[in-house]
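Every chain is numbered from 1 and lettered A, B, ... according to where its sequence line falls, protein lines coming before strand lines.
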2 protein chains.
Amino acid sequence: MKTADPELMRAINRFTVLDKIRRRGPISRVEISERSQLSTTTVSAITASLLDDGLILTRHEGDIRNTAARGRPRVMLELNPDAARVVGAKIATNRIVFALTNFCGEVLSKLTIPVRVDRLPIAVISDLVEDGVRRCVVDAGLSLGDIDTVCLGLPGVVEHRTGKVRSSPVFRETDVNFAEEMTSRLNRPTIVESDAHAIALAHHWFGQARDLDDFVIVSLEQTLGLALLHNGQLFRGAGGLSHNLGDLVLGATLDETVRLSAIAGETAILGEQQASGHFAEAVRLGRGMAHAQALIASRDHPLAAAALRAGEAVGLAIANIVTLFGPPRVIIVGQTLSLGAMFTDSLRQSYAQAIPRSIREVAELVFDESPDEAWAQGAAVVALRELYESPWGTTGPALSL
Amino acid sequence: MKTADPELMRAINRFTVLDKIRRRGPISRVEISERSQLSTTTVSAITASLLDDGLILTRHEGDIRNTAARGRPRVMLELNPDAARVVGAKIATNRIVFALTNFCGEVLSKLTIPVRVDRLPIAVISDLVEDGVRRCVVDAGLSLGDIDTVCLGLPGVVEHRTGKVRSSPVFRETDVNFAEEMTSRLNRPTIVESDAHAIALAHHWFGQARDLDDFVIVSLEQTLGLALLHNGQLFRGAGGLSHNLGDLVLGATLDETVRLSAIAGETAILGEQQASGHFAEAVRLGRGMAHAQALIASRDHPLAAAALRAGEAVGLAIANIVTLFGPPRVIIVGQTLSLGAMFTDSLRQSYAQAIPRSIREVAELVFDESPDEAWAQGAAVVALRELYESPWGTTGPALSL
DNA sequence: CTCAATTTTTCCCTTATGCGGATTAATTCA
DNA sequence: TGAATTAATCCGCATAAGGGAAAAATTGAG
């Protein structure tokens, strides 16, 4: 348990002010004071310090009040985009996507490497990632030294605190300390994070959850992931791990345990088909879901049945998650959404049937097909949040003695 | 978002010190300082204030070091048991149990009213509870004015923040503002809390989780409840609600949704029997589970099958919860445990089968058949925690590092 | 153009906190 | 009895936030 001293106090208030400036665009000191319960004096002191550190900028225009407002005009404050540069990446089994952003999280350059990595040795994957980061930096007209932090988002079970990847479809090995590896390669602080957590923060900053500090992300990619934002903080579970939704058990007979991944995992949906010809090629290249949608159009295709079953299973799982957490919004993301309405309708219907009556209106389901770039941007946001020096740990490991 | 001022700072450190004194029995100032990272000066100042407020006492004995220790002897500090009196209660469908405790959470008097309340009007239930609290107070040689807070734990979905009972097997009505009702009746601040949360705090203070700040409670009573402690704080879900484990969906066919409560709820287990004679009477009086164990002893009794199925279902649900939260310990409590080894073995086996390999060793299952008194004591602890003035909201963000 | 009115921002002062070092207190051992 | 040792407190300092007054920057009326 952390003890409080003036330093912590300052850190907390500094973060609040910085966060207000980020969220409410250009904003005046008075308004920060009103919205944060801090005195104008304190806000002034903190903003002075932020200006001094070059994290924010002043702008003498953009006052939202009546143009004919009397009195001294407000000086608007906004983030200094150039205060930092970070690189975020999404590593998937069949592609790696990079995004370089400024301090505001705006993408300055991006890069996609369409490569199948899931059977490559770690050294080769590391090479690819290192190369991608370097290219992305060059594309933005920068050099690696200008980058403050790098954050890599990847599927599977990731231990954020240590940077260890417990298990992931992109690595053949388990317990890979990928953060350490990349930090020494790039000579820049490198964070490893679950891809679901990355897209969650992307939605929190820019997407469908800007207005919410509590929501759930269900990520339906090759791996089924879960992210849970609680009070604006990622909830990492007691062990500090990311969650693996695919391991959820849907039902079991005496002999057999049916896990969600066995019904709604990518390979489960697409793999049932005797992959042949054009479609097989698409699957191999990671375009399986998109192509599948076309095939499903003919409703009697066996894929249609698989899509229905997958939607049903995910709907059930989401109902259970809502039962446990009661989030106001559940955002469903990932390639599996490319299956189209047949899948999502089935999901919605199964959810509606499974959600208990008493909390039927608690949560709202939202589907979102963000491009890969958004995931990489989300990873960048993870990196930015470390720079913001949030005084609350993202998971708050309480070390009480 | 909470802003920091000196007051918060003091509240945090004061709580830290008070909590250390509670947990570490009689403890000296130096030791508090060592264990809390606070300077001896600060500890001295805070303890002086606590002594001044009468919350702690000094004791000039019990130094744990060598009796032949040199130097000025340490003055041991401990909670002042008389600093507060609270009443906790567990309201179940067929009994109400009260416990009056001191500031340390030690039970001073207790009372059980064996009464079936689940079909009574609220006014009558309120009468019973009011009467029970008053008796319990008198039994302890006190008067109601000596009581600082009352906390009522009951099954179902409880909104702690507002004191509203959304739905509960003990009430026919839904959305009952029970806290308001009892506060005005007793003229004492009265808190309403989920019974699962109450027993969770009981275990945290006195039971199987004294050493842990992260654990999960699964409560198998008439209603299936869940409590989740994260960083020493109850996790109440985004809506501030308690969780209803019974609503979890285990599996579904097209026509039918199978919920946990339909397999492992008390009525589901016992109700399948054509209730007749002696056993039926026991069920009516709430002794069903205990009597069932005797019947199960003859392994071919239909109850045995029900117990097996229930254990299986609960084991599955727990595996899913562990998949999501990864707690180091899961404590399973409640009357259903009276079914005995047949039930618990089945649960363990099903859990072992369902838990993903990668997190197999993460969580440890513990069964605990605490008496009802422990639940009431837990409710009292809920009340005490309010008095301790924890500066973090029960669901608020944890301060890290 | 000047001056009052208005609003934002800063400066000064007070009070709170925690901390480090010196001081006092209480005990053991020689 | 006095030296050594450890515990607890006192004193002064640094830093925080907050309140009120003053300064700054603008508009509008005469």
Side-chain angles (χ1 to χ4, degrees), chain A residues 1-17 21 26-52 56-77 389 391, chain B residues 1-17 20-21 26-52 56-77 389 391 399:
Chain A
M1 197 170 300
K2 168 65 178 161
T3 61
D5 54 15
E7 208 176 318
L8 175 71
M9 199 160 78
R10 181 57 153 213
I12 291 175
N13 290 339
R14 198 178 145 103
F15 174 77
T16 350
V17 169
I21 295 174
I27 185 175
S28 67
R29 293 180 177 82
V30 223
E31 209 180 336
I32 295 173
S33 165
E34 285 164 0
R35 289 183 182 281
S36 68
Q37 320 270 11
L38 289 166
S39 73
T40 58
T41 306
T42 305
V43 171
S44 206
I46 291 173
T47 52
S49 146
L50 291 173
L51 281 166
D52 198 50
I56 61 174
L57 299 173
T58 60
R59 185 201 283 185
H60 293 269
E61 57 200 43
D63 199 329
I64 306 155
R65 300 170 308 161
N66 258 334
T67 47
R70 303 172 54 126
R72 179 175 175 174
R74 303 177 169 181
V75 175
M76 308 307 275
L77 303 169
E389 290 179 298
Chain B
M1 195 171 294
K2 176 77 182 165
T3 63
D5 53 14
E7 207 175 319
L8 176 71
M9 197 159 81
R10 195 183 94 255
I12 291 175
N13 289 340
R14 198 178 146 103
F15 175 79
T16 313
V17 170
K20 284 278 177 297
I21 295 174
I27 185 175
S28 67
R29 293 180 177 82
V30 227
E31 209 179 338
I32 296 173
S33 164
E34 284 163 2
R35 290 183 182 281
S36 68
Q37 318 276 3
L38 289 166
S39 73
T40 59
T41 308
T42 306
V43 172
S44 208
I46 291 174
T47 52
S49 146
L50 292 173
L51 280 165
D52 199 50
I56 61 174
L57 298 174
T58 60
R59 185 202 280 188
H60 293 270
E61 56 200 45
D63 197 330
I64 306 156
R65 301 171 307 162
N66 259 335
T67 47
R70 304 172 53 127
R72 179 174 174 176
R74 303 176 168 180
V75 175
M76 307 308 276
L77 303 169
E389 291 180 297
L399 300 169

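- No contact: B:Val43 has no heavy atom under 4.0 Å from any strand.
- Residue B:Asn13 places none of its side-chain N or O atoms closer than 4.0 Å to OP1 or OP2 of C:dT17.
- Applying the 4.0 Å criterion to OP1 and OP2 of D:dA17, one finds that A:Arg10 has a side-chain N or O inside that range.
- Closest to the side chain of A:Arg74, from the set D:dA8, C:dC19, C:dT8, is C:dT8.
- Atom pair A:Ile12:CD1 and C:dT17:C1' shows a separation of 13 Å (rounding to whole Å applied).
- Map A:Pro6 and A:Ser28 each onto its nearest nucleotide of DNA chain C; the residue landing nearer the 5' end is A:Ser28.
- Atom-to-atom, CD1 of A:Ile27 to P of C:dT9 comes out at 11 Å; the value is rounded to the nearest Å.
- Among the protein residues, A:Ala4 comes within range of the sugar-phosphate backbone only, with heavy atoms under 4.0 Å from sugar or phosphate atoms but none that close to a base.
- A straight line from CD1 of A:Ile46 to P of C:dT9 spans 15 Å, rounded to a whole angstrom.
- By the side chain to side chain donor-acceptor pair (under 3.5 Å) test, A:Ser33 pairs with no residue at all, sequence neighbours left out.
- Listed nucleotides: C:dT9, C:dT17, D:dG19. Nearest to the side chain of A:Val30: C:dT9.
- The two residues A:Thr47 and A:Ile56 have their closest heavy-atom pair at O-CD1, 3.8 Å.
- What separates CD1 of A:Ile32 from P of C:dT10 is a distance of 11 Å, to the nearest Å.
- In the set C:dG18, D:dA17, C:dT10, C:dG18 carries the atom at the smallest distance from any side-chain atom of A:Asp5.
- Taking each heavy atom of B:Pro6 and A:Met9 in turn, the nearest pair found is N-SD, 3.5 Å.
- In the set D:dA17, C:dT9, C:dG18, the nucleotide with an atom closest to the side chain of A:Val75 is C:dT9.
- Between A:Thr3 and A:Leu8, the shortest heavy-atom contact is O-CD2, 4.2 Å.
- In this structure, A:Arg14 and A:Ser49 approach most closely via the heavy-atom pair NH1-OG, 2.6 Å.
- Closest contact between the side chain of B:Met9 and the listed nucleotides C:dT10, D:dA7, C:dG18 involves C:dG18.
- Of all heavy-atom pairs between B:Pro26 and B:Arg59, the closest is CG-NH1, 4.1 Å.
- Side-chain atoms of A:Ser44 never come within 3.5 Å of backbone atoms of A:Thr41 as a donor-acceptor pair (strictly under, hydrogens ignored).
- Regarding contacts with the backbone of D:dA17, every side-chain N or O of A:Thr42 stays at 4.0 angstrom or more from both OP1 and OP2.
- Closest approach of A:Leu77 and A:Ile21 over heavy atoms only: O-CG2, 3.9 Å.
- With C:dA26, C:dG18, D:dG19 as the choices, the nucleotide that has an atom nearest any side-chain atom of A:Thr41 turns out to be D:dG19.
- Counting distance only, with no hydrogens placed and no angle test, the side-chain atoms of B:Arg72 and the base atoms of D:dA7 include a donor-acceptor pair under 3.5 Å.
- One can place CZ of B:Arg14 at 10 Å from P of C:dT17, the figure rounded to the nearest angstrom.
- Between the C1' atom of D:dA16 and the CG atom of A:Leu8 lies a distance of 12 Å, rounded to the nearest Å.
- Atom NE2 in B:His60 sits about 15 Å away from atom P in C:dA25, given to the nearest Å.
- Overall bending of the helix from C:dC1-D:dG30 to C:dA30-D:dT1, expressed as the angle between end axes built from five pairs apiece, is 30° (10° steps).
- With DNA chain D read from its 5' end, the first of the two nearest nucleotides for A:Leu38 and B:Ala45 is the one closest to B:Ala45.
- At whole-Å resolution of the value, CD in B:Gln37 and P in C:dC19 are 10 Å apart.
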